[in-house]
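Treat the numbers as computed from the prediction; the structure is a model and nothing was measured.
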Amino acid sequence: MPIYTPPLRDQQFVIHELLGAADTLKAMPRYKDIDADTINHVVEEAGKFCAEVLLPTNQVGDEEGCTYDPATHEVKTPTGFKEAFDAFREAGWQGLAAEEEYGGQALPHLLQIIFYEMQYSTNQAWAMYPGLTIGAYECLLVHGSKEQKDLYLPKLTSGQWTGTMCLTEPHCGTDLGMLRTKAEPQADGSYRITGNKIFISSGEHDMAENIVHLVLARLPDAPQGTKGISLFIVPKFVPEGSGASATQGTRNDIHCGGIEHKMGINGNSTCQMVLDGATGWLVGEPNKGLNAMFVMMNGARLGVGVQGLGIGEVAYQNAAAYAKDRIQGRSLSGVKAADQQADPIIFHADVRKMLLTARAYNEGGRAFAYWVALMADQQIAGATEEDRKFGADMMALMTPVVKAFMTDNGFRTASDCLQVFGGHGYIRAAGMEQFVRDSRINMIYEGTNTIQSLDLLGRKVLMDNGARLKQFGAMITSFIEEYGTRPEMNEFISPLADLGDKVTKLTTELGMKAFGNQDEAGAAAVDYLRVVGHLIYGYFWAKMARVALDRVKADGSKVDPFYVNKLAVARFYFQRLMPETAFHIRSARSGAKNLMELPVEAF
């Protein structure tokens with residue numbers, strides 16, 4: 001079984017030394033009682049749960065998968081999944097960041113993201129069940145009526161009921177404007193909903209009393225396209241009563257028609273859902289369902305980005321341990337283990353390159369993801385309207401980057417770490433091949449990474465003339481102006497400043513080209529997101545290097561090796577990984593012609 005140790009030291013570095021999260025949160029009225037000890041305690045306990053309860057279920061879940069009974073339409077989850085969820089629920093983890101009004105602990109979203117990371121390291125397939133439940137909770141919290149919130153939110157907060165989002169249909173994936181599921185209004189205010197949904201994660205299982213499906217469907221008089229989509233609550237069992245005392249009630253006419261047999265995340269039930277006149281209730285306004293669902297979708301995109309980080313971390317930990325133990329060949333610079341027949345592979349340069357790539361992306365991603373989580377807290381709980389708007393702007397800008405850049409990096413990391421194991425990584429016993437298979441879906445679902453790239457360039461940058469990107473750029477400029485005169489920071493500041501200038505020029509150039517031909521944006525978007533991702537990581541790596549340099553200088557000969565090691569990884573990032581931006585800038589500038597000129601019939 002793979003190993004996993006919660007990365008508490010690096011997490012605490014990011015939370016406290018890099019972000020100063022406790023003070024930032026205390027300035028928000030909602031979190032005025034938070035302190036560093038509380039944050040550390042929650043993170044430590046969450047890490048124990050993940051390492052001790054979730055990790056042992058990961059390979060079992062992959063090997064067993066979910067079991068579908070066509071006679072009853074029921075799904076049984078793998079051995080240990082239900083017991084792990086019972087323990088999770090009993091400890092109150094489901095309501096970590098939920099409102100106290102509905103039984104939650106009202107703790108910062110930062111803590112939720114940190115917990116996500118460790119869940120995804122130890123069992124991504126399992127973590128999707130409570131993760132989707134949080135998404136359903138957040139959607140109803142924002143867009144549900146008071147009656148809907150009073151009925152469903154206490155049950156979702158406790159984990160007694162779980163949630164899903166039902167979007168995709170057999171004939172349409174990302175293009176939701178094509179969906180056909182119909183909702184017929186009834187005299188009692190409910191709706192009869194008929195249609196078929198596919199790829200519904202956690203759509204049917206045996207871990208909770210009830211499943212609350214949030215379903216997109218069309219009203220009879222709905223306009224065509226995305227402007228004619230409404231959102232409905234369709235529970236597996238129609239509730240009886242209200243609030244925390246509600247019971248699951250009678251069986252609704254929604255059932256699982258089968259489960260998908262997938263490349264990875266086998267422990268999660270990916271279902272085909274059949275709605276045959278199921279009873280549902282409208283959420284929010286008619287024909288405004290996509291706006292409501294975006295609350296859940298954007299939250300899911302942030303979660304998926306952290307899935308890339310979680311799998312990257314556990315893959316790295318296992319590959320690093322293996323590289324220090326496995327002996328193969330001799331070091332090119334001379335024998336390193338004279339008492340053995342060969343040297344450990346950690347002494348081979350390219351093995352180190354793969355490990356350092358993983359570590360640099362993991363630690364950069366952790367800093368980025370935790371900062372974005374703070375922006376989520378600032379968006380909802382900032383002390384001033386200006387603070388809340390800034391948090392919202394940064395969330396909007398960064399969501400596609402979190403989702404795409406972090407999952408691309410996570411898949412690369414998992415693949416590189418498998419490579420460290422050689423042939424032993426390709427077989428199941430080591431557990432590495434599962435990380436590769438599980439991480440591949442992260443680049444696809446919740447909007448493919450190409451969709452995220454189009455969203456970043458088209459909607460989040462060009463549509464507002466780069467206003468939000470300029471806000472983030474101002475943070476980089478301020479940092480450069482403050483620390484750019486320090487000689488020891490030059491190796492980090494100079495490449496960051498250079499890339500910032502290049503992003504500004506590239507953005508302007510692509511905007512002008514796209515104005516004349518929108519295919520230019522489509523042709524450049526993926527490269528553009530990759531470049532922006534490196535600008536963001538470069539900023540956070542430069543900030544981490546600054547903290548480490550200050551500690552090294554202050555502590556002298558007694559310095560904690562953690563800071564020396566942080567600087568070594570920072571140098572690797574700037575010298576080995578950031579330079580890929582030169583390729584992507586050149587690729588983006590090459591234009592759409594080399595992609596579009598080949599006739600369709602030639603493919």
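Inter-residue side-chain proximity for T507 and Y528 is flagged as met; some heavy-atom pair is nearer than 4.5 Å. With a 4.5 Å cut-off on side-chain heavy atoms, R301 and E446 count as touching. Side-chain contact between H16 and N40: present, with at least one pair of heavy atoms (C-beta onward) separated by less than 4.5 Å. Residues I34 and M28 have side chains not in contact (no heavy-atom distance under 4.5 Å, counting atoms from C-beta outward). Looking only at side-chain heavy atoms (C-beta outward), Q419 and M432 stay at 4.5 Å or farther from each other. By the 4.5 Å heavy-atom criterion applied to side chains, L55 and M1 are counted as neighbours. Side-chain contact check for E481 versus T477: some heavy-atom pair is nearer than 4.5 Å. A 4.5 Å side-chain heavy-atom check between L577 and Y361 finds at least one atom pair inside the cut-off.
A donor-acceptor contact closer than 3.5 angstrom links the side chains of R530 and N409. Side chains of N449 and T407: a donor on one and an acceptor on the other come within 3.5 Å. Counted by atom type alone, S333 and S331 present one or more donor-acceptor pairs between their side chains at under 3.5 Å. Inspection of the Y129 and Q94 side chains reveals no N or O donor paired with an N or O acceptor under 3.5 Å. For the 3.5 Å distance criterion, the side chains of E313 and Y4 fail to qualify, holding no donor opposite an acceptor.
Between F472 and Y539, the ring planes are perpendicular. Angles over 60° get that label, and only those under 30° would be called parallel. Y120 and Y116 have parallel rings, their planes meeting at less than 30° on a 0 to 90° scale where 60° marks the start of perpendicular. Below 30°, between 30° and 60°, or above 60°: for W371 and F540 the angle between ring planes is between 30° and 60°, a tilted geometry.
Taking CG of L25 as the reference point, atom CZ of R30 lies at 11.0 Å (rounded to 0.5 Å). The CZ atom of R412 sits 5.0 Å away from the OG1 atom of T357 when rounded to the nearest 0.5 Å. In this structure, CG on L510 lies 14.0 Å from NZ on K505, to the nearest 0.5 angstrom. Atoms CG and CE, on L496 and M578 in that order, are 6.0 Å from each other to the nearest 0.5 Å. Between L457 atom CG and D527 atom CG the span is 11.0 Å, to the nearest 0.5 Å. Here the straight-line distance linking atom CG of N442 with atom CG of D408 works out to 10.5 Å at 0.5 Å rounding.
At distances below 3.5 Å, not a single donor-acceptor pair connects side-chain atoms of S478 with backbone N or O atoms of M475. Of the possible donor and acceptor atoms, one in the side chain of D464 sits under 3.5 Å from a partner among the backbone N and O of A467. The main-chain N or O of G312 is never found under 3.5 Å from a side-chain atom of T413 such that the two would form a donor-acceptor pair. The closest donor-acceptor contact from the side chain of D350 to the backbone of K353 lies at 3.5 Å or more, if one exists at all. In terms of modelled atom types and a separation under 3.5 Å, the side chain of N268 and the main chain of A125 share a donor-acceptor contact. A donor-acceptor pair under 3.5 Å is formed between the side chain of Q105 and the backbone N or O of G92. Of the possible donor and acceptor atoms, one in the side chain of Q59 sits under 3.5 Å from a partner among the backbone N and O of R428. In this structure a side-chain-to-backbone donor-acceptor pair under 3.5 Å is missing from R388 to I380.
Residues R551 and D560 are not paired through a salt bridge, judged by the lack of any N-O separation under 4.0 Å between the basic side chain and the carboxylate. Remark: K389 engages D393 in a salt bridge, criterion side-chain N to carboxylate O under 4.0 Å. Salt bridge present: K566 and E363 bring a charged side-chain N and a carboxylate O closer than 4.0 Å. With salt bridges taken as basic N to acidic carboxylate O contacts below 4.0 Å, one links D498 and K502. Between D35 and K26 there is no salt bridge, since no side-chain N of the basic residue sits under 4.0 Å from a carboxylate O of the acidic one.
In the displayed structure, F562 atom CZ is contacted under 6.0 Å by more than 12 heavy atoms of other residues, nucleotides or ligands. Counting non-hydrogen atoms of neighbouring residues, nucleotides and ligands closer than 6.0 angstrom, the CD atom of Q341 reaches no more than 12 such neighbours. A 6.0 Å sphere centred on NZ of K336 holds more than 12 heavy atoms belonging to other residues, nucleotides or ligands. Remark: R586 CZ is loosely packed, at most 12 non-hydrogen atoms of other residues, nucleotides or ligands lying under 6.0 Å away. The number of heavy-atom neighbours closer than 6.0 Å to CD of E433, taken from other residues, nucleotides and ligands shown, is above 12. Within 6.0 Å of the CZ atom in R576, the count of heavy atoms belonging to other residues, nucleotides or ligands does not exceed 12.
The two atoms that bring L595 and A523 nearest to each other are CD1-CB, 3.6 Å, heavy atoms only. Nearest heavy-atom pair, V314 versus N318, reported as atom, atom and distance to 0.1 Å: O-ND2, 2.8 Å. Residues Q452 and A404 share a closest heavy-atom pair of CB-CB, 3.9 Å. For the residue pair R330 and H348, the shortest heavy atom distance occurs at O-CE1, 3.5 Å.
The only member of F583, F368, Y573 that meets ring-ring contact (aromatic ring centres under 6.0 Å, His included) when paired with H534 is Y573. Partner of Q124 under the side chain to side chain contact (heavy atoms under 4.5 Å, CB included) criterion, chosen from V304, I441, L54, D62: I441.
Ring to ring, W541 and F492 are not that close: their centroids are 6.0 angstrom or more apart.
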**Prompt:** Which is it for L302 and N298 under the side-chain contact (heavy atoms from CB on, under 4.5 Å) test, yes or no, and what are the steps along the way?
**Reply:** CA-CA 6 Å; L302 294 173; N298 285 333; 6.0 Å; no
